[in-house]
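To start, the structure itself, in structure tokens.
In this text, all values refer to a predicted model and were calculated from it rather than measured experimentally.
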Amino acid sequence: MPAAPPAKGARKAPRFIAGPLWLTVPALVLLVAVVGYPLLIIVLRSFSEPAWGVQNYVWFFGTPVNLVVLQRTFEVSAWVTLACVISAYPYAYMMTVVGPAMRMLLILCVLVPFWVSGVVRTMAWVILLQDSGVINSLLKWAGLGTVRLIRTQLGVVIGMTQVLLPFMILPLYSVMRGIDLRLVQAARSLGARPSRAFLQVYLPLSLPGVYAGAIIVFILALGFYITPALLGGPRSVLLSTLMQNQVLSLLNWGRGGAMGVVLLVATFVLLALAAPLMRQRHKQGARR
Amino acid sequence: MKSTLATAAAKGAAIDIVSAIKRYGAFTALDDVSLHIEPGEFMTLLGPSGSGKTTTLNVVAGFTEITSGELTVGGTSMVGVPAHKRNIGVVFQHYALFPHMNVGRNVAYPLTLRGVGRAERERRVARALDMVKMADFAHRYPSELSGGQQQRVALARAIVFDPPILLMDEPLGALDKKLREWLQLEIKRIHRELGTTFVYVTHDQEEALVLSDRIAVFNHGRIEQIGTGRQLYDEPATLFVGKFIGDSTVLRGEARVSGEETAITIAGETVTTRRRIADGARPVMLLRPEKLSLARPGAGAGGRNRLSGEIAEAIYLGSGSKYEVRLRDGSTAIVRSPLEAESFAIGDAVSLCFAERDAKLLADDDQADLILT
Amino acid sequence: MPMQKHTRLILGLVCLLVAVWLVAPTLVVIPMSFNANKSLAFPPVGFSWQWYENFLTNPDWSSSFFNSLKVATLVAVLATVLGTLAAFGLDRMRSATASGILRMLLITPMVVPGVVLAIGIYAVYLDAHLVGTLGGFVLAHTILAIPFVIIAVSANLEVFDKRLETAAASCGAGRLTAFRTVTLPLILPGILSGLLFAFVTSFDEIIVALFISNPYLKTLPVQIFTSITRDADPTVAAVGTVLFLATSLVIAGGLLLGNRRRKS
């Protein structure tokens, strides 16, 4: 047998890349103009306004309020992610075991939030969480007294969790759908108790879906703006709101820019950390 | 385009490939291939995978451009002509039917592209589907057909525009044996009816023998031999061809020339031939199983070449028997003997007999040997 | 997986809870939209159509609705064309590294924190005088919608059998004809869902819109947002209800059509 031919057209590569490359150029030009350039401006201003230097970062990390907000942003994102994982896992699992009609219904429930405007959904939460809202009315009716929800961190977490839940359920479902349930049966037939079979066989196989969903939810939560702005109060301000405030109200582009860069860096560092987990998902997909 | 199609109907065109070379980086897929195919001929390109047969087909089809060399079809150079302007029908191993069109529209597709009018189109689609016996399936979609049916539709699509040349790339490779044998006969019939030049790629030597007028045997990007099936079987030009086509026994020895005769020593025994070979050369001797016979040691015809061995395996085939004979040097000879011949049992000592003219002396080719083992 | 009865029961209850949690909060806008009082307090009082009337007659609401419709339509077309071209280019690239890197780049708008991007765009638009312009909205929303188109079309291209294009060539089709008659019809579902995603992305987008709107041009989400923050105007609930019903109708229609096509 002759050696396997090398990658076809290796010698002609430049020409072959050139063709398809042109098709991506319009989108790339737009990307550079509407995403790349604006982000560059943000970065530049964080170092150049009001004067060149790192004073904005010194200010950001030297001001306790900023650090509290930064910490709160991560905390809220973590709580939202955790709440999403806990509520999405059984739901996504159920989607894989029920009949087709029931599955359709469950999928529909996940998609409903997608087809209602995000602002409208947040407004619904305002109605639900306000002091005279549905939840408090129910609590009062049950004789449990009222809880302050609107303009609190708890309210923000509740609202964000509901808005972000579909982003957790869908990747989780797509991974779980690919898990061969016979593996679990095999574990049972080898003498594993149901809980053990679940923990040692099913859970590890579903983890890539958990990672993928969790990272998406966490990253989206970090940059969330509308829901915290409407449901939160002064004590539950997140970094996005703080940044918006610096730029629009105080017209301080330098400090706002520094906050933006912090958010950007946090997002991309998280993505980079998550990349290996995602790759593992691809490998498993290939093996199926 | 319409008028040329109407007049160029049904008769095949000649194909000439002259010194074609195709390189992919450091890998040479075609190494100086020259091939002349007569108009209306059924030519099969036969060889193991990676031998260059499919590359040759792709070059003719226009899917691959040759690095150097010349390709003409019907006397016109095709170098640089894109595939869609070559007017050549192609049938693929994977059927390649368009899943969003029904059978009728699939077959009509080449005609639609050529601007053939509706009435004419329908007539020709019906004729092509008739020819492959799929007329009742025009409204079905490819996903509703079996593999064999899909391949027949693909064949109809490739002949509907009366191309002077039809290329087939292992079209039966994905089908089971029974269906394959039946479709081979169908393809042969269609070739007879159309008179189109057929170029057929396969790695199955039996299929090649059933179908072809001539066969080109490919190996390592080169053509080892071109000829009819009988020529390739009876007069293989190289050891590779001898081993690739039909069963054969290959014996290795050393040649000693003395006057008119050449003596070849194989495992300590000597056979003679009148063929002229360089003194001291180490040729291989190729023997077909039905040209070998077995005898008890010391008995039987004189004057024939004999080698001694022992029966290693005896298989009753109904129409006769097949024996594997272990020779002294450990090599194995395969013998097919007719029903009326004497039978032997495993372990019997035997003489392997053959006529001088039935032994093909060929140059040894270690590479070829590697290919098959 | 074989499950104990009580495990299944608990699981079913949890699912029911999650399903309610996903759907119910949104439905609360429906009763609110018929509130007779100008208040978002629950429960609503009385019954009236006035908020629907307000949506239709108040120019603030109707103009922002039509702005959104206009922007989203243009964005859907532009993003679908650019995204499909890009997805096609990425698919055909010989170098997996090059296409991988470019794909990642083109998808970044999905992960960049909304406010950061919005403020950056705002800064650029201030200089370029694009704030409050149709073009400005369309450009910004298009780049946000392109990732969805690329993902949807790529998913279809991945399962598309490229050998069909070779087959089309052997039938006499040039590259463009092969694309039009074979490739395009087969990846059309991906393109259409990309189109839908792009439309919804733009129609629903608020963060960037909030920054690049001005009194002359604002989109519906911006109008809703300002209305919520300024006063407790139940018109928002009426708009939410209308949008909810409209999308439900479109989706139900799509499902029915899909079902019928599968059957025939």
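- Contacts of B:Ala61 with chain C are absent, with no heavy-atom separation under 4.5 Å from either backbone or side chain.
- Interface remark: C:Leu186 contributes side-chain atoms only to the contact with chain B (heavy atom separation under 4.5 Å).
- From C:Glu165, atom CD reaches atom CZ of B:Phe63 across 12.0 Å, with rounding to the nearest 0.5 Å.
- With a threshold of 4.5 angstrom between heavy atoms, B:Leu113 approaches chain C through side-chain atoms but not through N, CA, C or O.
- With a 4.5 Å cut-off on non-hydrogen atoms, B:Leu97 touches chain C through its backbone but not through its side chain.
- A distance of 12.5 Å separates CD1 of B:Ile88 from SG of C:Cys171, quoted to the nearest 0.5 Å.
- Considering CG of C:Leu164 and CZ of B:Phe92, their distance stands at 9.0 Å, rounded to 0.5 Å.
- Heavy-atom contacts from other residues, nucleotides or ligands closer than 6.0 Å to CZ of C:Phe197 number 12 or fewer.
- Distance check: C:Ser170 OG to B:Tyr109 OH gives 9.5 Å after rounding to the nearest 0.5 Å.
- For B:His100 (side chain) and C:Thr181 (main-chain N/O), a donor-acceptor pair under 3.5 Å exists by modelled atom type.
- Other residues, nucleotides and ligands place more than 12 heavy atoms under 6.0 Å from the CZ atom of B:Arg189.
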